[in-house]
Amino acid sequence: MSRGLVLRAAGLLQSYGEAGTFHHRDTTTFPTRSALIGMFAAAQGRTAEHALDPYPELPGTPSHRDLALTIRVDCPGTPYRDWHTTGGGRPHRQGLHTSDGKYRTRNRSTHISQRDYLTGAVFTIAVQGPAPLLAHIATTLTTPRFSPYLGRRVCLPDEPLLIHTDIPDPETALRDRVPLSLAHPPRPGQTHVPIDFWAEHPPHPGTPPDRETPSEPADFTHTRRHHLLRPLWKTTEPLPTTLYAGPRPIDTLTDYILKDTPCRQP
């Protein structure tokens with residue numbers, strides 16, 4: 001059981017593309033590995049060309065491939081589709097280009113696309129890996145070079161983004177310690193609530209994955225962007241209702257973080 005970080009991805013909008021391009025930009029129902037690694041790289045001030053480079057300045061020269069993620073789906077949110085247009089109303093030769101570099105005709109000057117989002121979703125994420133890399137990620141998320149976002153730049157995260165910077169066995173913490181942000185309070189007398197988890201390792205040896213997703217980033221460069229397949233395992237586990245963060249999760253989370261943060265001596 002290794003140490004790790006605990007993040008909370010929550011906000012008005014989130015969007016984690018998996019397969020959509022051009023006219024339709026889709027979203028998965030949970031944060032992708034690619035989106036999270038991109039967030040870490042942005043916080044460190046890395047450009048797209050160098051976002052996936054190893055870290056020679058850190059002991060052992062770790063890389064993003066050394067990270068393992070477990071995602072707790074506190075609140076799945078609601079799908080939302082934005083009907084988006086670009087280029088409309090511009091005079092000819094000032095509008096959108098075609099693939100061969102020419103201009104679109106007047107009757108095709110408006111480009112229409114559909115972009116999918118999750119509204120009101122909340123995810124709590126355990127990040128495990130080499131200690132020097134985790135410490136670097138925690139430091140840069142606390143004082144980011146570029147602002148973090150939840151999949152797309154318009155999707156700003158709520159506070160707190162970083163719950164634990166260094167905790168033993170963060171996966172277990174997701175199950176029995178970290179407050180749970182639910183869309184609705186538990187029913188009277190209810191002792192447990194079913195919560196979905198997505199993990200990058202099987203719950204038991206030999207368990208086949210529930211899905212493969214193209215979320216392992218191989219290159220973030222805009223002209224060469226591509227991803228590799230990565231297996232994921234889904235479980236649904238009963239968590240105690242005592243973890244419920246209440247109608248104002250920010251208050252409960254703040255108290256929890258302050259309680260778990262050791263006081264600094266002058």
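Taking the six-membered ring for Trp, Tyr55 and His136 have ring centres closer than 6.0 Å.
Closest non-hydrogen pair, Pro249 versus Arg8, comes out as CB-NH2, 4.0 Å. Residue His192 comes nearest to Pro238 through the heavy atom pair CD2-O, 3.8 Å, listed as atom of the first residue, atom of the second, then distance. In plain terms, the two heavy atoms of Val193 and Leu180 that are nearest each other are CG2-CD2, 3.8 Å. Shortest non-hydrogen contact noted between Arg230 and Ser215 is CB-OG, 4.2 Å. Taking each heavy atom of Gly151 and Tyr16 in turn, the nearest pair found is N-CE2, 3.8 Å. Minimum interatomic distance between Ser15 and Asp116 (heavy atoms only, all atoms of both residues): OG-O, 2.7 Å.
If you chain together hydrophobic residues whose side chains sit under 4.5 Å apart, Ile37 and Ile137 never meet in one group.
In this structure, Leu141 and Leu7 have side chains that are in contact, with non-hydrogen atoms separated by less than 4.5 Å. Between Arg72 and Arg175 the shortest side-chain heavy-atom distance does not fall below 4.5 Å. Residues Tyr149 and Val154 are not in side-chain contact: their nearest non-hydrogen atoms beyond the backbone lie 4.5 Å or more apart. At a threshold of 4.5 Å between non-hydrogen side-chain atoms, the residues Leu229 and Pro214 count as touching.
Within a 6.0 Å sphere centred on CG of Leu12, other residues, nucleotides and ligands contribute 12 heavy atoms or fewer.
Between Arg115 and Asp82 there is no salt bridge, since no side-chain nitrogen of the basic residue lies less than 4.0 Å from a carboxylate oxygen of the acidic one.
The side chain to side chain donor-acceptor pair (under 3.5 Å) test with Glu18 singles out one residue from Thr213, Thr28, Thr32, and that residue is Thr213.
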Can you check side-chain hydrogen bond (donor to acceptor under 3.5 Å, both in side chains) on Glu171 and His201, steps first, answer last?
CA-CA 12 Å; Glu171 286 191 65; His201 55 81; 3.0 Å; yes
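For the atom pair OG1 of Thr29 and CG of Asp196, the computed distance is 8.5 Å after rounding to the nearest 0.5 Å.
Stacking of Arg152 on the aromatic ring of Tyr117 is recorded, both the 6.0 Å distance cut-off and the 45° axial limit being met.
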